[in-house]
Structure formats: C-alpha cells, structure tokens
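Below is one structure, written out as structure tokens; comments come after it.
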Amino acid sequence: RELVESMLPNSYPSREAFAQPSNVSSPSSINVFVTGVTGFLGSYILADLLNRPTSPYNIKVYAHVRAKDQASGMQRLIKAGVTYGTWSPAFEKCIEVVLGDLSKPQFGLDSVTWENLANQIDVIIHNGALVHWVYPYAKLRDANVVSTINVMNLAASGSKAKYFTFVSSTSTIDTEHYFSMSDELTSEGKSGILEMSR
C-alpha cells in the first residue's frame with residue numbers, strides 16, 4: 001500500500017483500439033516495449049511478436065536487456081534466441097535494445113532518453129523478473145516489485161496511452177476464487193478464464 005501511494009500515479013490514460021491501416025501497402029507501426037526478452041518465455045514472446053507475416057502492422061520491439069552497451073545487449077538477445085530455438089536473423093532490424101535498470105526510477109535513464117522512449121511506446125509487455133524459490137522478499141523486492149512499479153510508470157508517461165500486459169505465473173489464477181469464476185462462466189456457455197490469451 002505504501003509503494004502504491006508513494007510511487008504510482010492516481011490514474012492511467014486509456015488506450016483506444018488500434019485502427020486498421022487504410023493502406024495495406026503502407027501499414028501502421030506498433031512499438032512494443034518488452035522486458036525479460038533474454039529468458040525462455042521472453043524469447044518466445046519476442047518471436048511471437050516478430051513472426052506475424054499476416055499482421056496489418058509493422059511491429060518494432062524495444063527490448064530491455066541488461067548489458068554494458070547496445071551491441072552487447074543485442075548479442076545477449078541473439079544468444080538467448082538461438083539457445084531456445086526462436087531466433088531469426090530477420091528480427092534484428094525490428095529490434096531496438098533499451099538499456100537501463102528497471103529497479104530505478106526512469107530505469108536510470110536521463111530525462112530526454114526516458115521521454116523519447118515514453119513517447120514511442122504503444123504496448124508494454126512486462127515479463128522480466130528475478131525468479132528464485134529460496135530468496136527472501138527483501139532480495140526479490142527491487143527486481144520484481146519496484147521494477148514493476150517503474151514499468152507501470154512508463155505506461156503513464158509520454159504523449160500517448162499504452163496497453164500494459166503483466167506476465168506472471170499461473171499460480172495467480174490457481175485459487176478457489178478463479179476456479180469458481182471460471183466454472184460460473186462455463187455454466188453460462190462462455191469460455192472459462194484462460195491462462196493466456198492472444
């Protein structure tokens with residue numbers, strides 16, 4: 001509660017649905033900021049975004065990577081994609097590496113760089129986390145909780161509203177509340193609560 005009151009804005013602007021491009025030969029662009037792209041799931045998220053040949057949009061991914069410079073960040077990203085079997089050399093031209101520490105306000109970026117990023121992004125997929133079954137909360141707090149707040153602040157910054165997706169474990173819906181809600185929806189002939197939707 002203290003973090004919410006001290007670090008988050010009171011509201012976030014709503015994003016209108018993306019309009020269908022009027023000219024198929026000149027598709028609109030969607031800029032997607034993704035965290036956690038060098039992990040297993042992140043590699044698949046990146047590939048899913050960039051392997052959409054039928055999309056009426058040009059998708060550019062702003063990939064947050066921990067590295068000393070952008071070239072090293074791109075190499076980390078490529079290495080992860082090759083390791084997990086998701087990489088295509090065609091991806092590189094559609095990716096801009098974003099450096100910075102997610103646990104710091106504005107990711108530790110200077111104000112101009114932060115504003116440029118905030119004004120470009122249309123969609124945020126926050127998939128980055130430090131996952132460790134033994135570490136105490138104090139060790140995980142900055143990497144998981146504070147970083148999520150800072151990424152949410154990106155959603156509230158800049159000249160345009162953004163879609164925000166938070167990737168978490170399925171255990172967030174593995175509770176009696178969601179089981180009951182899912183059962184109620186299926187009894188009405190609707191789909192239950194899905195673990196993931198596209």
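How far OG of Ser159 is from CD1 of Ile121: 11.0 Å, rounded to the nearest 0.5 Å.
Side-chain atoms of Val65 and Val98, non-hydrogen and from C-beta on, never get closer than 4.5 Å to each other. At least one side-chain heavy atom of Leu50 sits under 4.5 Å from a side-chain heavy atom of Ile95. Put simply, the side chain of Phe107 reaches to within 4.5 Å of the side chain of Val151, judged on heavy atoms. Side chains of Leu8 and Ile149 form a contact here, defined as non-hydrogen atoms less than 4.5 Å apart.
Minimum interatomic distance between Leu49 and Ile59 (heavy atoms only, all atoms of both residues): O-CD1, 3.5 Å. Residue Met7 comes nearest to Asn150 through the heavy atom pair CE-OD1, 4.1 Å, listed as atom of the first residue, atom of the second, then distance.
Each of Arg15, Lys162, Lys60 was checked for a salt bridge (charged side-chain N to carboxylate O under 4.0 Å, His left out) with Asp122, and the lone residue meeting it is Arg15.
Panel note: side chain Ser182, backbone Phe179; no donor-acceptor pair is recorded below 3.5 Å. Counting only distance, with no hydrogens or angles, the side chain of Asn119 and the backbone of Glu115 share a donor-acceptor pair below 3.5 Å.
Ring-plane geometry between His126 and Phe164 is classed as tilted, the angle between the planes lying from 30 to 60 degrees on a 0 to 90 degree scale. In this structure, Trp87 and Phe91 have perpendicular ring planes: the angle between them is above 60°, well past the 30° mark.
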